[in-house]
Engineer: 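This is the structure I want to talk about, given as structure tokens.
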Amino acid sequence: MLAMAFSGCWVIGGLLLVGCGCSSGGHDDEGVERQTGGQSAFDGGARETGGGHAASTAGAGAGQGGTASRPLPTGGSELSAGSGVAGTSAFSTAGKGMSGSDSMASAGAPSAGSEALGSGGNTGGEAGNEAGAAGAPGRAGAPGTGGMVSEADLPEPMATAGFIDLEPADYSYEPSLDPRERRARTSSSARLFYSFVPAEQEPRGAPVFVFFNGGPGASTTGFLRVYGTGPHTLDAAAGDAVPLQNAHSWATLGNLLYIDSRLAGFSYSRLENPADALLRDAELTEANFNEYIDAADFVRTLLRFLESQPALRNNPVVVVGESYGGVRATLMLHMLLDSSSISTENGGPFSDPALAEEIRAHYAVAFPSEDPTQVRGAQAARQFGWQVLVQPALAFGMQSRQDPCDLRYSPAAWAQEQGLDCRPEGRDPHHWGMPADWTDGLEIAARQALLTPTGFSSLVGVAPDSVSGLSAADRIGAFRLFSEDDLTDAPREWTGLLGEIPPYDSYFTGMNSALSNFYGAQIRADRTALDGMFFLENLRYVNTLITRAELDAVVISDGIPDVLRWYVDGTTPPIVTDVTVDLATRDGVARSGWITVTYGQMPGVDSGETRVIRFPTYRDCGHMVSVSSPAELYEDVRTFIEGSLGSVQAP
């Protein structure tokens, strides 16, 4: 596995790191020297570069033999039967989905497909920083519809929204660094809401940006979706719920996929008898809510969405995580970059064999000329080799101990300049330049806009009554777990269209504080040290941008390098030997900021090798960068993507 793939063992903070001795993907020659560059709610009172364009070579598509069955995005099930011969594939679907929608039935003849396999990236990058990016994957053959199928014949990606049904998952995990605490668990079924916006230009070849907020329990739809990233946005300065066209829509950069986590936003869970309050309360358990199963939920949702969109299923993927979403992004990439790390209990602190097989089934289609069990590291990073982290939590426990009154950090320095106490009374910790209720006002405006049919249609891109699984009639067994303060009553205009629902359900929750409180109570500081190590392991292969907002007292920007520096002395042998920050201005760079990580003992890199994280500075910005500085964030992401992935059209 990647996360614990070393011949010896590490000791973290005096504790032996278990899982040692596992095999690694070895030292890959692809993407050697990457320049990297990167909202959400963090707990503790909170709510939430570039290489050249890669060359490619053509390869033959391959069909899959055997059969497999699992839920479709609509809730149906797919039966897949491929010939197992290179260049062929066929599938058929049938059945009644849990969402109440009939699955489409089709039978395809073998079809020929091709894939372009990326080569190692060229050197290049912003402001003279040397970097390389592994080549982006090319196209794989589409399921057959009879005869030869070209890429031009694939269905054009369209704006859509819906739910991905998640069946109960059997898994085991370790909540601490002590393997004796390993627990076998089964999660409950859930429906995760997603919305999708195709790229404005050539969506078939454009990257897929996957957005999620943090919290835990913060709604992606209510924050990143409606503030500053999509084609329409709310004006935070105006403080109203009137959607406007966004002049800095990320749809000019690629395809946009937004996902709400369990019981947040429009996502909901289900029971056979949801009216029973005891049964509902029993669902608030670590079997459903821990950082591993949370990340696994998102990997399943992402892969099933890509499977439902043949034109996108092997496009480059850019993970965009905000705040606690940084932990989610780290664990998602950890799973995707090496499925063997979760295939057995001997692989690492989390095992989910069914998810490992689903990842491998995806790679069998995305990289048909390769053994899917061996797609890892730099090979997997050809598709999952980019992340944009907005004010992220990287090692939750360590960051929660950082003090915003520490004058090394920008919030305290700002307060001193203003002649204020280091914790200004009446100020919002998410943005110390704003009143205390500023973040709450953003959530209220988002909720008001989303729970009107016209506002939803504008902000999400489709009419609410067209979304299967959203209406009262489709929500069989649906329920919510929330604090009373989080309860959202839908206005008459909404319920008149979609129907009345019982009091234990809710159409939308902007911030589910019940989940934040639950996660906060179970997070172990020693366990979160492992998250930071996973981040450093991913960094070997993943181009990374992390934002540096100076007025954020929830995730303290200048504390992020401090977290990484912990691994210089906090592990034996040291994972990294140096972490430096460069905030000097450079010609042609509007917002300065770079973090250079020098590796010590880490499989996959030589001792002394470096990786550079883009760390742009937003001087008058708080936790939610897409709200306060949407134009600046857009430009930095555009430059980051152009440098590490290829040319992107400016709006």
Side-chain angles (χ1 to χ4, degrees), residues 71-76 78 91 93 97 99-106 108 111 113 139-145 149-165 191-212 220-221 224-226 229-233 243 245-246 249-260 265-266 301-318 320 362 365-366 450 453-471 474 648-649 651:
L72 289 171
T74 55
E78 174 182 278
F91 73 89
T93 64
S99 64
S101 301
D102 290 318
S103 301
M104 294 171 42
S106 65
S111 67
R139 311 252 50 81
T145 55
V149 177
S150 68
E151 183 174 326
D153 295 325
L154 294 175
E156 184 74 19
M158 304 290 289
T160 184
F163 293 87
I164 302 291
D165 281 325
R191 278 185 173 168
L192 266 60
F193 178 79
Y194 73 90
S195 58
F196 173 72
V197 180
E200 291 185 5
Q201 297 184 9
E202 300 182 0
R204 289 187 177 92
V208 178
F209 291 84
V210 183
F211 295 86
F212 41 83
T220 305
T221 308
L224 280 171
R225 181 68 169 97
V226 304
T229 64
H232 289 82
T233 185
Q245 281 203 324
N246 182 11
S249 170
W250 290 31
T252 63
L253 308 179
N255 301 286
L256 314 181
L257 175 64
Y258 301 84
I259 303 172
D260 283 335
F266 287 103
T301 300
L302 170 59
L303 295 183
R304 294 175 189 186
F305 172 81
L306 292 175
E307 186 177 18
S308 74
Q309 299 285 334
L312 303 176
R313 60 188 173 185
N314 59 359
N315 285 35
V317 171
V318 183
V320 185
H362 170 79
V365 176
L450 287 167
T454 54
F456 183 98
S457 298
S458 177
L459 291 167
V460 178
V462 297
D465 54 346
S466 72
V467 179
S468 178
L470 184 58
S471 71
D474 288 344
V648 175
Q649 295 289 331

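In this chain, residues are counted from 1 in sequence order.
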Engineer: Looking at every heavy atom in both Ala161 and Val467, which two are closest together, and how far apart are they?
Structural biologist: O-CG1, 3.8 Å
Engineer: Are any side-chain N or O atoms of Ser466 and backbone N or O atoms of Ala463, one a donor and one an acceptor, separated by less than 3.5 Å?
Structural biologist: yes
Engineer: Quick one: does any side-chain atom of Ser458 pair with a main-chain N or O of Gly455 as donor and acceptor, under 3.5 Å?
Structural biologist: no
Engineer: If every non-hydrogen atom of Val460 is compared with every non-hydrogen atom of Arg225, which pair is closest and at what distance?
Structural biologist: O-NH2, 2.7 Å
Engineer: Within the 3.5 Å criterion, strictly below it, is a donor on Thr229 or Tyr258 matched to an acceptor on the partner's side chain?
Structural biologist: yes
Engineer: Between atom CG of Asp260 and atom OG of Ser195, what is the distance when rounded to the nearest 0.5 Å?
Structural biologist: 7.5 Å
Engineer: What distance separates Thr301 OG1 from Leu192 CG, expressed to the nearest 0.5 Å?
Structural biologist: 4.5 Å
Engineer: Just wondering, do Val210 and Val318 contact through their side chains at under 4.5 Å, heavy atoms?
Structural biologist: no
Engineer: On a heavy-atom basis, which atom in Gln245 and which in Thr233 lie closest, and how many Å separate them?
Structural biologist: O-CG2, 4.4 Å
Engineer: What distance separates Leu459 CG from His232 NE2, expressed to the nearest 0.5 Å?
Structural biologist: 8.0 Å
Engineer: Below 30° counts as parallel, above 60° as perpendicular, anything between as tilted: where do the rings of Phe266 and Phe456 land?
Structural biologist: perpendicular
Engineer: Kindly give the heavy-atom pair with the smallest separation between Leu303 and His362, and that separation in Å.
Structural biologist: CD2-CG, 3.7 Å
Engineer: When rounded to the nearest 0.5 angstrom, what distance separates CG in Leu302 from CD1 in Ile164?
Structural biologist: 9.5 Å
Engineer: Is it the case that the side chain of Arg204 and the backbone of Leu154 share a donor-acceptor pair, with hydrogens and angles ignored and the cut-off at 3.5 Å?
Structural biologist: yes
Engineer: For residues Pro231 and Glu200, determine if any side-chain heavy atom of one lies less than 4.5 Å from a side-chain heavy atom of the other.
Structural biologist: no
Engineer: Testing the basics here: between Val208 and Leu257, what is the closest heavy-atom pair and its distance to 0.1 Å?
Structural biologist: CG1-CB, 4.3 Å
Engineer: So which atom in Pro453 and which in Ser457 form the shortest heavy-atom distance, rounded to 0.1 Å?
Structural biologist: O-OG, 2.8 Å
Engineer: In the structure I gave you, are the side-chain heavy atoms of Ser468 and Asp474 within less than 4.5 Å of one another anywhere?
Structural biologist: yes
Engineer: Just verifying a value: how many Å separate Asn255 CG and Glu202 CD, rounded to the nearest 0.5 Å?
Structural biologist: 11.0 Å
Engineer: Look at the rings of Phe209 and Trp250 and say which category their plane angle falls in: under 30° parallel, 30 to 60° tilted, over 60° perpendicular.
Structural biologist: perpendicular
Engineer: Does a sphere of radius 6.0 Å around CD in Glu156 hold more than 12 heavy atoms from other residues, nucleotides or ligands, not counting ones at 6.0 Å or beyond?
Structural biologist: yes
Engineer: Rounded to the nearest 0.5 Å, what's the gap from CD1 on Ile259 to CZ on Phe211? Could you check?
Structural biologist: 11.0 Å
Engineer: Would you say the rings of Phe163 and Tyr194 are close, in the sense that their centroids are separated by under 6.0 Å?
Structural biologist: no
Engineer: Is there side-chain contact between Leu256 and Phe196, with at least one heavy-atom pair below 4.5 Å?
Structural biologist: no
Engineer: Which residue is it: Pro157, Pro155, Pro198? I am looking for the one with a side-chain contact (heavy atoms from CB on, under 4.5 Å) to Leu312.
Structural biologist: Pro157
Engineer: Between Arg304 and Asp165 (side chain of the first, backbone of the second, donor and acceptor by atom type, cut-off under 3.5 Å), is there such a pair?
Structural biologist: yes
